[in-house]
Protein chains: 2
Amino acid sequence: MDPTVVGTRQSRRDDVLDAAIEVFHDKGYAAASIQDVAERVGVLKGSLYYYIDSKEDLLSHVFDTSDEQSRAIMEGVTEMDAPALEKLRSFVYEWSLWHLSNLERASVYFREWRHLDGRQQGAVRRKRREYEGFLIDLLEATKAEGQAAAGLDPRYVCFFTLSALNGLPSWYRDQGGDSAEYIAGAYAEMVVGMVRGTAAASRGRVRG
Amino acid sequence: MDPTVVGTRQSRRDDVLDAAIEVFHDKGYAAASIQDVAERVGVLKGSLYYYIDSKEDLLSHVFDTSDEQSRAIMEGVTEMDAPALEKLRSFVYEWSLWHLSNLERASVYFREWRHLDGRQQGAVRRKRREYEGFLIDLLEATKAEGQAAAGLDPRYVCFFTLSALNGLPSWYRDQGGDSAEYIAGAYAEMVVGMVRGTAAASRGRVRG
DNA sequence: CACGTTACCAGACAATCGTTTGGTAGATAA
DNA sequence: TTATCTACCAAACGATTGTCTGGTAACGTG
């Protein structure tokens, strides 16, 4: 066993799972081979089947643990005692920070869900609609409290925002530049500014 | 030859290229097989090599034609005689509309560039930096003309916006709902609102 | 009619893939 | 000591992959 390859002090199975996330992030799930994962762990590919059932098994685990963490963020925001606009700011901040703190996991999460089987794909779609519903509710509450522009369409603001956050892992590089907290703050401010600032703009537009 | 499979009146080679885009969009480049493409065209897989040199050849053609169209959009905006904020609105509108009018092509473009060889990957990265530079310049011009919020960081606004547009193909469904033009307009207004509206928000923040 | 070109098909190729099997050195437990 | 369990290795498996080869029916051109 090589302690430089094996992580600090987690179980061997977690090492395998972490290696899989990195490999799937680098090559994409379909192009990545079980052999790639095994090499990163430091065993032969057949040996991986001592820890896993299948290649898809590796992928689906990425989604399970991600779902737990996102649920915690939404619950935290729900329990806040603050105006809707502040809840919105907080949600965007926390969700941005999660993307920045889990770059590989986040990018695998929203890029590779097609390769799950039908049952799990349904679960992912349901989860995504949960984010969307949560954010749309937040935006509508902001409107109801008179803090949002009148012509604002919560559905499109929602898609716009979530897509922007999903893109974080594709350009953010860890070393140098601003901290993850600063960037998450900037993202939160941008969304808040967008929600407050669209007012006059939608004058005279015809719904197509 | 089956006229229901073959397109209206373009060359057979274009049929192959179009089929490839659809298959790559549905399954992802790595998971899609040459056989899948051949089936959609209506020939055996070996026959495709009469039209193409390799599988990667199919992919790289997606990028070539996309680059031409995006260049046209940027040139059109550059030639506008209007305030920077209006140029910005126009750029976001046109670029959104392109994504909505080329759903499969757009999603393949920004998801599958990893599977190109090193030379073409470099070209893609250069092109992407071209968008970013173009948009950042536009944002800085808007600031210089006093139309943008003071605390606004053009780099992050740029990443935020481009990621949001890249996400369009992942949620937009063609039938029903608002027209592509309406959505592109809404996206343009959101960006304009965000640029104008971030002013007071960044008070008291410390760069990390 | 002869001839070259177009647009394929049929079949094979080596390589790679995910997965299974049987085995085994070393640690632990009885 | 013997038996059991853990954590692998070595080797093979059938299937699928991208690609190549040789052939050929249909067709336009001289």
Side-chain angles (χ1 to χ4, degrees), chain A residues 1-62 108 112 114-118 120, chain B residues 1-62 108 112 114-118 120:
Chain A
M1 272 198 275
D2 184 354
T4 63
V5 174
V6 180
T8 49
R9 194 102 310 256
Q10 44 182 348
S11 78
R12 196 87 170 126
R13 175 150 211 274
D14 290 338
D15 287 339
V16 172
L17 263 22
D18 288 349
I21 290 183
E22 287 174 29
V23 170
F24 293 166
H25 167 73
D26 288 350
K27 297 196 159 192
Y29 173 78
S33 70
I34 286 285
Q35 194 149 220
D36 294 327
V37 179
E39 267 171 28
R40 191 164 297 223
V41 177
V43 297
L44 293 190
K45 62 172 179 170
S47 310
L48 281 190
Y49 286 82
Y50 177 73
Y51 298 101
I52 64 168
D53 290 337
S54 66
K55 185 187 178 186
E56 198 182 310
D57 194 46
L58 276 174
L59 183 62
S60 69
H61 206 269
V62 177
V108 169
E112 309 288 1
R114 279 161 219 270
H115 298 107
L116 295 168
D117 63 32
Q120 285 214 306
Chain B
M1 272 200 275
D2 183 355
T4 63
V5 175
V6 180
T8 49
R9 195 99 312 253
Q10 44 182 350
S11 79
R12 196 86 170 127
R13 174 150 212 272
D14 290 339
D15 287 338
V16 172
L17 263 21
D18 289 349
I21 289 183
E22 287 174 30
V23 170
F24 293 165
H25 168 73
D26 289 349
K27 297 196 160 194
Y29 173 77
S33 70
I34 286 285
Q35 195 149 218
D36 293 328
V37 179
E39 266 171 29
R40 190 165 296 224
V41 177
V43 296
L44 294 190
K45 62 171 178 168
S47 310
L48 282 189
Y49 285 81
Y50 176 74
Y51 298 101
I52 64 168
D53 290 336
S54 66
K55 186 188 178 187
E56 198 183 310
D57 194 46
L58 276 175
L59 183 61
S60 71
H61 207 268
V62 177
V108 169
E112 309 287 1
R114 280 162 219 270
H115 299 107
L116 296 169
D117 63 32
Q120 284 213 307

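Lettering of chains follows the sequences in order, A, B, ..., and the numbering in each one begins at 1.
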Worksheet item: Considering only heavy atoms from C-beta outward, does the side chain of A:Val16 approach that of A:Leu58 to under 4.5 Å?
Response: yes
Measure [atom1]/[X] against [atom2]/[N] and give the value in whole Å, please.
{"X": "A:Leu44", "N": "D:dA7", "atom1": "CG", "atom2": "C1'", "answer": "12 Å"}
{"X": "B:Tyr50", "N": "C:dT6", "atom1": "OH", "atom2": "C1'", "answer": "4 Å"}
{"X": "A:Asp15", "N": "D:dC8", "atom1": "CG", "atom2": "C1'", "answer": "15 Å"}

Worksheet item: Taking only residues two or more places apart in sequence or in another chain, which ones pass side chain to side chain donor-acceptor pair (under 3.5 Å) with B:His61?
Response: none
Worksheet item: Quick one: side chain to side chain donor-acceptor pair (under 3.5 Å) partners of B:Glu22, sequence neighbours excluded?
Response: B:Arg40
Worksheet, complete the sentence: By salt bridge (charged side-chain N to carboxylate O under 4.0 Å, His left out), A:Arg114 pairs with (sequence neighbours left out) none
Response to the item:
With sugar-phosphate taken as primed atoms, P, OP1 and OP2 and all else as base, the protein-contact string of nucleotides 16-26 of chain C at under 4.0 Å (heavy atoms; B, S, -) is -SBBB------
Response to the item:
Taking Watson-Crick and G-U wobble contacts under 3.5 angstrom, with | marking pairs to another strand and [ ] crossing pairs, the secondary structure of DNA chain D is written ||||||||||||..|||.||||||||||||
Practice prompt. Respond yes when some side-chain nitrogen or oxygen of A:Arg12 is under 4.0 Å from OP1 or OP2 of D:dT6, and no when none is.
Written response: no
Worksheet item: Under the 3.5 angstrom rule, does the side chain of A:Asp36 hit a backbone N or O of A:Ser33 as a donor-acceptor pair?
Response: yes
Worksheet entry | CD1 on B:Ile52 to CG on B:Asp57, rounded to 0.5 Å | 6.0 Å
Discussion item. Which residues pass the ring pair (Phe, Tyr, Trp, His ring centres under 6.0 Å) test with B:Phe24, not counting sequence neighbours?
Written reply: B:Tyr29
Worksheet item: Taking the side chain of B:Tyr51 as heavy atoms from C-beta outward, which of C:dC9, C:dA7, D:dC8 is closest to it?
Response: C:dA7
Worksheet item: Quick one: side-chain hydrogen bond (donor to acceptor under 3.5 Å, both in side chains) pairs with a partner in residues 41-55 of chain B, sequence neighbours left out?
Response: none
